[in-house]
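Remember, it's a predicted structure, so these values are computed and weren't measured experimentally. Just so it is clear: chains get the letters A, B, ... in the order the sequence lines come, proteins before strands, and each one is counted from 1.
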Amino acid sequence: MYDAGKGVIRKAKADDYREAVYMLTSIIPLGKTTTYGSIARILGISPRLVGRLLAENDNPIKVPCHRVIKSNGDIGEYTPGGKDVKKKLLALEGVIFSDHYKVSRESIIDIKEIVDP
DNA sequence: ATTTGCTCAGCTC
DNA sequence: GAGCTGAGCAAAT
């Protein structure tokens, strides 16, 4: 982001991406999941960044980080409570699981399908 | 199915 | 200032 008027350049750091990541995460429909890679690709950042930002999210209510999983369908990590809680939450929302820690591919959608259907 | 290499902001030394 | 770490990804084996 740039603020040319003041000649101040705000570096595109985690703070700037944070908003975008949160927004994208919060628009994931109930019962569906997305991958870190999808988000990262839209924002033009690396997948690990997405995870790092979500890990530091200060608003778990508004940002359902549990709806973001790995691209291979496996659940990533989950700071508040661990994977078990994450899986439980997802299952409760209607996400289909093929294995104990793997989400069925049908419950995974690309974030792009949401922002640009 | 498993191993390997890549990525890049943040934290630590 | 240099190096390690990590809520991952993708390609090669």
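Taking every heavy atom of both residues into account, A:Thr35 and A:Ser71 meet most closely at CG2-CA, 3.4 Å. Between A:His100 and A:Lys87, the shortest heavy-atom contact is O-CD, 3.0 Å.
With values rounded to the nearest 0.5 angstrom, A:Ile111 atom CD1 is found 5.0 Å from A:Leu24 atom CG. A distance of 9.0 Å separates CG of A:Leu54 from OG1 of A:Thr79, quoted to the nearest 0.5 Å. In this structure, CD1 on A:Ile28 lies 7.5 Å from CD1 on A:Ile109, to the nearest 0.5 angstrom.
Looking at DNA chain C, the stems built from 3 or more consecutive Watson-Crick or G-U wobble pairs, each pair with its key distances under 3.5 Å, are B:1-6 with C:8-13, B:8-13 with C:1-6.
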- Test A:Val50 against A:Ile45 for side chain to side chain contact (heavy atoms under 4.5 Å, CB included), laying out the working first. CA-CA 8 Å; A:Val50 180; A:Ile45 60 183; 3.9 Å; yes
- Query: Can A:Arg67 and A:Glu93 be said to form a salt bridge (Lys or Arg N to Asp or Glu O under 4.0 Å), step by step?
  - Reply: CA-CA 10 Å; A:Arg67 286 188 203 157; A:Glu93 294 189 348; 3.0 Å; yes
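Through direct or relayed side-chain contacts under 4.5 Å between Ile, Leu, Val, Met, Phe, Trp and Tyr, A:Leu30 connects to no other residue.
Here, C:dA7 and B:dG5 have their P atoms 22 Å apart, quoted to the whole Å.
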Which protein N or O atoms sit under 3.5 Å from an N or O of nucleotides 5-9 of chain C?
residue, atom, partner, partner atom, Å
C:dG6, N9, A:Arg48, NH1, 3.0
C:dG6, N7, A:Arg48, NH1, 2.9
C:dA7, N7, A:Gly51, O, 2.5
C:dA7, N7, A:Ala55, N, 2.5
C:dA7, N6, A:Leu54, O, 2.5
C:dA7, N6, A:Ala55, N, 3.2
C:dA7, N3, A:Glu77, O, 2.5
C:dG8, N7, A:Arg48, NE, 3.4
C:dG8, N7, A:Arg48, NH2, 2.4
C:dG8, O6, A:Arg48, NH2, 2.5
C:dC9, OP1, A:Gly37, N, 3.2
C:dC9, OP1, A:Ser71, N, 3.2
C:dC9, OP1, A:Ser71, OG, 3.4
C:dC9, OP2, A:Ser71, N, 2.9
C:dC9, OP2, A:Ser71, OG, 3.3

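Between the C1' atom of B:dC6 and the CD1 atom of A:Ile45 lies a distance of 16 Å, rounded to the nearest Å.
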